[in-house]
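All ligand and atom numbering here is 1-based and tracks the order in the structure. Because the structure is a prediction, the values reported are computed rather than measured.
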Amino acid sequence: MRAMVLHGPGRPLAATEMARPEPAAGQVLVEVAACGVCRTDLHVCDGELAHPKLPLIPGHEIVGRVAAAGAGAERFAVGDRVGIPWLGFTCGECGFCRSGRENLCDRPKFTGYTLDGGYAEFCLADQRYVFPLHGGYSDVEAAPLLCAGLIGYRSLRLAGEARRLGLYGFGAAAHIVAQVARHQGREVFAFTRADDAAGQAFARDLGAAWVGASTALPPEPLDAAIIFAPVGALVPAALRATAKGGTVVCAGIHMSDIPGFAYADLWQERSIRSVANLTRRDGEEFLALAPQVPVRTATQSFPLAEANAALAALREGRITGAAVLTMR
Ligand SMILES: [Zn+2]
Ligand SMILES: [Zn+2]
């Protein structure tokens with residue numbers, strides 16, 4: 001099979017021909033049709049996340065069809081369309097797993113980070129962490145739902161009952177969250193880089209009530225803000241845009257350092273929190289909700305062999321919506 005392989009941080013992915021893996025007990029082998037390119041992939045490839053599996057096949061927004069199953073893996077039939085997300089394994093035994101917080105498991109494995117992922121024609125997965133994917137979305141359209149969508153959804157849930165919701169960074173996750181938030185009757189305030197006219201127009205198209213630069217103050221204070229851009233300076237900026245009692249949710253896995261700020265910006269019961277990973281329940285809930293909204297994903301496709309170009313385009317902010325690799 002063909003795969004794009006990371007051999008070390010900061011190095012481009014290498015196009016590689018390798019043997020198709022065999023599913024072990026409890027695993028399914030999935031023939032990949034499409035795999036989303038997530039900002040987390042950039043953090044892995046750039047060495048901002050410590051200790052990836054090496055060599056590594058990145059990618060954790062995987063849509064494909066079951067091609068084979070290992071012993072005892074009877075949850076899916078050959079040919080079933082499935083999605084493979086970031087959460088690839090949890091121990092089931094630690095205090096976090098036992099209290100419904102498997103996203104915080106002490107001994108987790110993550111697809112495209114500590115397990116090989118979907119920048120390849122085939123991918124193995126533990127069948128317990130795989131989602132069935134029903135109709136309504138093409139393979140390319142479905143790919144961004146598997147991380148941008150479901151971790152975005154978790155971020156939105158942790159933002160609480162906010163009626164006026166700020167989204168900082170209007171990329172793959174925000175474009176999905178904006179649609180869900182509008183569906184829930186919230187007002188969306190989109191913050192982008194000051195010079196990002198395309199991003200601002202995109203946010204307006206998706207129903208944002210107000211669009212502006214990330215350093216600007218919105219016309220009314222926000223009840224909550226979600227920060228998708230990996231920029232620590234946005235945390236105090238978002239706090240200053242947020243009303244008393246408001247929450248600032250940091251949705252990314254990595255962020256530059258947060259600069260110091262006045263206690264007055266946090267005072268009046270404002271809070272800052274991060275969002276880590278997903279639970280299988282998040283995935284089930286979001287994948288059921290998405291077609292009801294209905295969430296429409298904007299995608300830009302690249303052939304597998306152009307994974308480095310897709311990563312570069314994402315790094316440089318040249319993607320509107322979500323980048324997706326296709327295998328044929
Ligand atoms: Zn655990
Ligand atoms: Zn992701």
Original post:
Does the cation-pi check pass for Arg101 over Phe96, that is, NZ or CZ under 6.0 Å from the six-membered ring centre and within 45° of its axis?
Top reply: no

Original post:
Does any N or O in the side chain of Arg164 come within less than 3.5 Å of the main-chain N or O of Glu187, such that one atom is a donor and the other an acceptor?
Top reply: no

**OP:** Calculate the angle formed at the Zn ion (ligand 1) by SG in Cys91 and SG in Cys105; 10° precision is enough.
**Re:** 100°

Original post:
Cluster partners of Trp210, using ILVMFWY side-chain heavy atoms under 4.5 angstrom, listed by chain and number?
Top reply: Tyr168, Phe189, Phe191, Leu222, Ile227, Val231, Leu234, Val235, Leu239, Val248, Met255, Ile258, Phe261, Tyr263, Leu266, Trp267, Ile272

Original post:
What heavy-atom pair brings Cys123 and Ile84 nearest, and what distance separates the two atoms?
Top reply: SG-CD1, 4.1 Å

Original post:
Hey, are Lys244 and Glu269 close enough for a salt bridge, meaning a charged N less than 4.0 Å from a carboxylate O?
Top reply: no

Original post:
Hey, are Glu31 and Arg328 close enough for a salt bridge, meaning a charged N less than 4.0 Å from a carboxylate O?
Top reply: yes

Original post:
Which protein N, O or S atoms sit under 2.8 Å from the Zn ion (ligand 2)?
Top reply: Cys38 SG, His60 NE2, Cys147 SG

